[in-house]
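Below: one structure, written as structure tokens.
The basis for the numbers below is simple: all heavy atoms, side chains too, and nothing from hydrogens, waters or symmetry mates. Throughout, residue positions are numbered sequentially from 1 according to the sequence presented.
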Amino acid sequence: MQTVSINRVYLIRSLLFALLLLWPLLLFGRPAYMVDSAAYQNGGERAVTFVLRKLHLAKPHPRKPAPVATEASAGNSANAASPAPSAAPKAKEEGKDTKVARSILYSVLGYIFGGPGMTMMYMALFHAFTVALVIVALFEGIAGSGWKPFAAMAGFATFASPLAPTVTFIMPDCYAPVMLGAMAIMPFYWDRFSWPMRVLIMGFAIFGVAVHTSHPPIALGTALAVTPLLFLMRGKLPVKWPKALGIAWAPPVLGLVFVLLTGLVGFGKASVAPKHHPLALARAIDNGPARWYLVEECKNPKRYAICEIYGTHIPETVQELLWSKTNLIVRATPDQLDRIRAQENQILIETTKRYPVQQLLLVVHDVPEQFVRFSLNYFRYGSEIVRNAKGDIILRNPGSGEDPAILAALNWLTLTSVIAGSLALVFWWCGMSIAQRGMVMILVVGLLANAAVCAIFSGVAPRYQARLVWLVPWMALAIGFVRGGAVGKNKNKEAVE
């Protein structure tokens, strides 16, 4: 089979695929946002400003938004953005008094690609072109480099999967399939790629791990689960077992190292999420057991930092605790928030000890539900990124806009393609090569890890599984072209081993 390399044809195909993925941008005139989208840009602006000041360079001029938002028109997004006045004291600039922060890497990119104006359309373009580079290469590594396989893949991924809306959604979701796709395919098809292509794919896989706090545990969980699988397959692997294992572990390990380094530089603390929202705690409170535990323990107001703020009147929902106008981020001091984050795992462990049955029932219910729940009903196009009176970048009218009819149709196409792809993989299983079986099993493990991490630490939401589930029919399509002889003389080598 021809080696997949970075050449003119590959770049043309990647460009065409990226342009196709941008159809929601053309149809709706803007990307889809959630409150975190503006918060990323706001955090990136503050980070870039801090670096420029340290280098004694001119402070970057803030972009002028079309309107200036008021706190009332901004809804709850001001809270989510963790605002800070531009004339903040030195300690705040250094991150010591920062209350919450998201991925430093993605925040900086969100600011750099925040235009035109504050629309972040350039970020959507960056999503499209970087994702296209990896997805086209991985597909060619399996199915071959012909135009027919490419056209089928591009048509499916663009018009019968959630990928296009996800790419034009200003969140790091579109890099989850890049991460998982590389981890599933590269250990078995490493020799089919040129060295520059290997660096490109693995580089973006590492990037994919680093851009969101949910990605490192998903990647690490997947790597842990597939290690014994690769060991059992070691005698039949297309590459040596230690090499395959190293390839599978490289994205989670190097991505995690990168995250720890950025946390150390940005906040003086090597942590996966040094200034994260205490979402796992909020989710546990919403579920019930953690709230029951805290109501009892907070009779001693010094037991936990959260007790100092609420006493025994613990909020009942995630919305009330984290996103209301008087949420925890607003009420707590930076020191209290740091202590809440430090005590988060302790509270969850003690809750599980006190209410083990209830916690187990929640996991047993939520993880399977997350595994099979995926849809596009979370995309809205009526919001706008603006700057408020304090100078912070926020989202005005979050969640506004109608549920587009075209996305409802795309939901049905996605469901149909996932069912068809799953059935095809089951039907073809006995005739698959070791490499094909291996990548399918890693994909399934990754989907399970995604469902577990998201359901347990964040809560069941359709977008979490929708960002990845389309890889099932995508992989079935690639294997289908191999079975149909699309890779020419290599067909026999891909047959049963």
Side-chain angles (χ1 to χ4, degrees), residues 4-26 31-33 36-37 40-41 44 102-116 119-141 150 153-154 157-158 161-186 193-212 214-216 218-219 250-252 254-255 258-259 262 463 466-468 470-471 474:
V4 180
S5 59
I6 301 175
N7 53 39
R8 182 174 59 86
V9 174
Y10 161 74
L11 292 175
I12 290 173
R13 287 173 179 162
S14 298
L15 176 61
L16 289 174
F17 185 39
L19 292 174
L20 286 172
L21 291 175
L22 293 172
W23 67 258
L25 210 60
L26 297 176
Y33 308 116
D36 282 5
S37 306
Y40 278 118
Q41 187 176 171
R102 292 150 182 85
S103 164
I104 296 176
L105 175 60
Y106 192 81
S107 295
V108 171
L109 289 173
Y111 176 68
I112 293 173
F113 295 106
T119 62
M120 301 186 81
M121 290 177 69
Y122 294 154
M123 193 65 180
L125 296 176
F126 179 80
H127 285 175
F129 288 112
T130 52
V131 170
L133 286 170
V134 178
I135 297 302
V136 169
L138 291 175
F139 194 84
E140 287 188 1
F150 166 75
M153 184 279 294
T158 303
S161 85
L163 183 57
T166 303
V167 160
T168 53
F169 177 44
I170 306 303
M171 287 291 290
D173 291 25
C174 61
Y175 293 106
V178 169
M179 171 189 75
L180 182 56
M183 290 181 65
I185 294 167
M186 295 303 287
F193 299 93
S194 67
W195 262 108
M197 186 63 82
R198 293 170 186 169
V199 172
L200 183 147
I201 293 172
M202 297 301 285
F204 278 115
I206 294 166
F207 174 83
V209 174
V211 292
H212 195 268
S214 71
H215 294 183
I218 293 169
L254 295 179
F258 189 85
V259 171
T262 56
R463 77 172 240 249
R467 63 186 179 174
L468 286 172
W470 63 271
L471 286 172
W474 178 89

Legend entry - Which residues share a side chain to side chain contact (heavy atoms under 4.5 Å, CB included) with P172, sequence neighbours left out: Y40, Y106, V211, H212
Legend entry - Pairwise distance CG(D36) to CD(Q41) - rounded to 0.5 angstrom: 13.5 Å
Inset, instruction - Drop me the distance from I201's CD1 to I206's CD1, to the nearest 0.5 angstrom. - result: 12.0 Å
Inset, instruction - Look up atom CE in M202 and atom CE in M197, then write down how far apart they are to the nearest 0.5 Å. - result: 14.0 Å
Legend entry - Note, F204 side chain near T130 side chain (heavy atom, < 4.5 Å): yes
Inset, instruction - Give a yes or no answer on whether the side chain of T168 reaches the backbone of P24 with a donor-acceptor pair at less than 3.5 Å. - result: no
Inset, instruction - Taking side chain to side chain donor-acceptor pair (under 3.5 Å) as the test, write out the residues that go with R463, two or more places apart. - result: D173
Inset, instruction - Compare every heavy atom of P31 with every heavy atom of L25, then report the nearest pair and how far apart it is. - result: CD1-N, 3.5 Å
Legend entry - Partner residues of A157 under the side chain to side chain contact (heavy atoms under 4.5 Å, CB included) criterion, sequence neighbours left out: F17, M153, S161, L163
Legend entry - Full working for side-chain contact (heavy atoms from CB on, under 4.5 Å) between T158 and W23: CA-CA 8 Å; T158 303; W23 67 258; 3.5 Å; yes
Inset, instruction - Measure the shortest side-chain to side-chain distance between S14 and F129 over non-hydrogen atoms and say whether it is less than 4.5 angstrom. - result: no
Inset, instruction - Report yes if the side chains of S37 and M171 come closer than 4.5 Å at any heavy-atom pair, otherwise no. - result: yes
Legend entry - Considering all heavy atoms, the nearest A128-L21 contact: O-CD1, 4.4 Å
Inset, instruction - Kindly give the heavy-atom pair with the smallest separation between G44 and Y111, and that separation in Å. - result: C-CB, 3.6 Å
Legend entry - Sub-4.5 Å side-chain heavy-atom contact between F193 and V199: no
Legend entry - Whether F126 and Y175 hold their rings parallel, tilted or perpendicular, with breakpoints at 30° and 60°: tilted
Inset, instruction - Please identify each residue that fulfils side chain to side chain contact (heavy atoms under 4.5 Å, CB included) with F258, with sequence neighbours left out. - result: L105, A210, T262
Inset, instruction - Enter the distance from T166:OG1 to W470:CH2 here, rounded to the nearest 0.5 Å. - result: 9.0 Å
Legend entry - Nearest-0.5 Å distance, CG of residue L468 to SG of residue C174: 11.0 Å
Inset, instruction - Tell me, please, which residues at least two apart from A219 pass side chain to side chain contact (heavy atoms under 4.5 Å, CB included). - result: M179, M183, V209, P252
Legend entry - Residues forming a side chain to side chain donor-acceptor pair (under 3.5 Å) with S194, sequence neighbours excluded: none
Inset, instruction - State the CG-CG distance between L16 and L11, to the nearest 0.5 angstrom. - result: 11.0 Å
Inset, instruction - Find out whether V9 and F150 are in side-chain contact, i.e. whether some heavy atom of one side chain is under 4.5 Å from a heavy atom of the other. - result: no
Legend entry - Smallest separation among heavy atoms of V167 and H127, with atom names: O-ND1, 2.8 Å
Inset, instruction - Check the pair E140, R13 against side-chain contact (heavy atoms from CB on, under 4.5 Å), reporting the backbone distance first and the verdict last. - result: CA-CA 11 Å; E140 287 188 1; R13 287 173 179 162; 2.9 Å; yes
Legend entry - Closest approach of S214 to R467 (non-hydrogen atoms, all atoms of both residues): OG-NH2, 3.6 Å
Inset, instruction - Considering non-hydrogen atoms only, spot the tightest contact between Y10 and V134 and give its length. - result: OH-N, 4.4 Å
